Amino acid sequence: MTYPTLFIRKGKEQSLMRRHPWVFSGAIESETTSLKDGDLVCLMTRKNQFLGLGHFQHATISVRILSFEDEVIDQAFFDRKIKKAVDARLNIGLLSPDNNIFRICHGEGDELPGLVIDFYNGVAVIQCHSIGMYFSVEHIAKALKNALGESLHAVYSKSSDTLPKRQEVLDGYLLGSCETPHVAQEHGVKYHIDWITGQKTGFFIDQRVNRKILGEYAKGKKVLNTFCYSGGFSLQALNQGAVLVHSLDSSKKAIALTEENVSLNEFHEHHESIVADAMDYMKELQEDYDIMVLDPPAFAKHREKRHQAIQGYKRLNAHAIRQIKSGGIIFTFSCSQVIDKQLFTNTIVAAAIESGRNVRILEQLHQPADHPIHAFHPEGEYLKGLIIQVD
Ligand code: SAH
């Protein structure tokens with residue numbers, strides 16, 4: 001099988017030779033007007049040296065590399081890649097009697113750029129971030145069945161939110177079906193997951209390990225979980241014996257999800273929810289919390305928004321630091337990819353200075369093993385957090 005060839009400008013092939021999986025439009029020497037979004041292309045140097053195969057898109061990132069080998073992108077290709085990703089998760093025990101929620105594929109981290117697959121107790125939800133991947137969803141669904149066998153009952157494809165509107169995208173089941181909300185478990189806690197109406201694929205799996213760590217701090221404590229969505233952090237705290245958890249979100253829908261999850265686990269005696277803006281609530285805080293969780297949505301999705309985002313993180317954290325009781329602990333996060341670990345830490349330090357209180361960093365947190373960062377694609381790092389203690 002041969003794919004249309006695109007030649008890479010002299011000098012621009014270096015990043016591909018270092019196996020970085022993105023090709024920017026300026027690196028391509030060939031005419032691309034006849035290509036359609038999602039076409040498979042072969043990349044070559046001006047000296048006819050093979051560089052890689054990838055999906056083309058009329059965008060700033062023009063090609064995302066699927067393979068650095070000269071091979072055929074067919075069912076067998078997806079079978080190999082998906083099996084490798086599934087085995088990596090099974091090998092570290094992510095599917096166990098008390099856990100059946102994990103990410104099967106994390107885009108570039110699993111050498112499948114543009115492809116996210118999440119697993120919820122027998123159901124895989126595919127979310128494509130590139131049109132080329134979307135064209136392969138049938139292969140991907142089959143590959144999932146081949147890799148997971150009896151552990152997989154249904155595959156749902158959900159890409160209408162993540163692909164450009166110019167592309168017609170249909171969401172739906174590719175294999176089996178499953179009523180929603182569907183109950184799945186994270187570290188022994190049950191959650192209702194609804195991939196059809198929920199945000200992303202239905203749950204924020206990337207905080208699994210950090211939620212477990214929160215549980216370790218929460219016994220006997222009074223916790224405020226801001227930006228709670230479906231109550232992920234709240235439930236792990238309650239499961240480990242928090243005396244009182246307040247879950248806060250500005251979305252009524254998110255609070256309804258949290259309350260359903262609290263009921264599902266019969267934790268209502270120790271839980272209250274609050275619909276409010278996190279910043280406003282924190283400013284006027286009347287309560288004396290031992291622990292606060294700050295897990296806002298990405299304040300900066302693009303580099304140009306970085307300055308504004310830093311101000312946002314600083315303000316939010318300064319409020320929390322000012323308001324928490326003496327000896328209190330704050331779990332603070334940023335999922336903005338354009339704000340790196342160091343910049344985030346500096347921002348928290350600035351917030352501490354502004355608050356006038358003494359702050360120590362106890363632990364540094366990050367994204368879990370099922371959200372791997374490929375060594376040749378450092379841009380894959382996005383989630384960072386700190387556990388801080390305030391005197
Ligand atoms: N911590 C969650 C995920 C957070 S997603 C988990 O573990 O699952 C971010 C959430 O922040 C969304 O539910 C969104 O509704 C909420 N949100 C956005 N802006 C907000 C604001 N200003 N105040 C409170 N909540 C907000």
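This is a predicted model, so every value here is computed, not measured. Indexing begins at 1, ligand by ligand and atom by atom, following the structure's order.
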query = Hey, is Ala276 one of the residues with a heavy atom under 4.0 angstrom from ligand 1?
reply =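 Flag set, Ala276 near ligand 1.
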ask   = Which part of Gln199 is near ligand 1, with near meaning a heavy atom under 4.0 Å away: side chain, backbone, both or neither?
value =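 Side chain only; the backbone of Gln199 stays clear of ligand 1.
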query = More than 12 non-hydrogen atoms from neighbouring residues, nucleotides or ligands closer than 6.0 Å to NE2 on His58, yes or no?
reply =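 Yes, because the 6.0 Å sphere around NE2 of His58 holds more than 12 heavy atoms from other groups.
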query = Does a donor on one side chain and an acceptor on the other come within less than 3.5 Å for Gln127 and Trp195?
reply =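 Per modelled atom types, Gln127 and Trp195 side chains form no pair under 3.5 Å.
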task = Consider only side-chain N and O atoms of Glu69 and Ser67, and report whether a donor and an acceptor are under 3.5 Å apart.
result =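 There is no such pair between these side chains.
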Please say whether [X] places an N or O atom under 3.5 Å from an N or O atom belonging to ligand 1.
X: Asp295; value: yes
X: Phe227; value: yes
X: Ala278; value: yes

Where ligand 1 meets Ser251 - atom numbers and elements under 4.0 angstrom, heavy-atom basis =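 Counting atoms of ligand 1 from 1, those under 4.0 Å from Ser251 are 15 (O).
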Where is the nearest protein heavy atom to [atom]: which residue, which atom, and how far?
atom: atom 20 (C) of ligand 1; value: Ser250 OG, 3.3 Å
atom: atom 22 (N) of ligand 1; value: Asp277 OD1, 2.9 Å
atom: atom 10 (C) of ligand 1; value: Asp249 OD2, 3.6 Å
atom: atom 18 (C) of ligand 1; value: Pro297 CG, 3.7 Å

ask   = Taking the side chain from Tyr289 and the backbone from His246, do they hold a donor-acceptor pair closer than 3.5 Å?
value =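 Side chain of Tyr289 to backbone of His246: no pair is present.
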request  = Test Asp118 against every option in Lys200, Arg89, Arg103 by the salt bridge (charged side-chain N to carboxylate O under 4.0 Å, His left out) rule and name the one that passes.
outcome  =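 The option that passes is Arg103.
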request  = Check Lys219, Lys325, Lys222, Lys221 against Asp290 for a salt bridge (charged side-chain N to carboxylate O under 4.0 Å, His left out) and give me the one that passes.
outcome  =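 When salt bridge (charged side-chain N to carboxylate O under 4.0 Å, His left out) is applied between Asp290 and each of Lys219, Lys325, Lys222, Lys221, only Lys325 qualifies.
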ask   = If you measure from atom 6 (C) of ligand 1 to every heavy atom of Met279, Arg211, Lys252, which option wins on shortest distance?
value =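 Closest candidate by heavy-atom distance is Arg211.
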ask   = What is the minimum heavy-atom distance between Tyr313 and Phe299, and which atoms define it?
value =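 Residues Tyr313 and Phe299, closest heavy atoms: OH-N, 3.3 Å.
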task = Give the minimum heavy-atom separation between Ala218 and Ile291, together with the two atoms involved.
result =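 Of all heavy-atom pairs spanning Ala218 and Ile291, the closest is CA-CD1, 3.9 Å.
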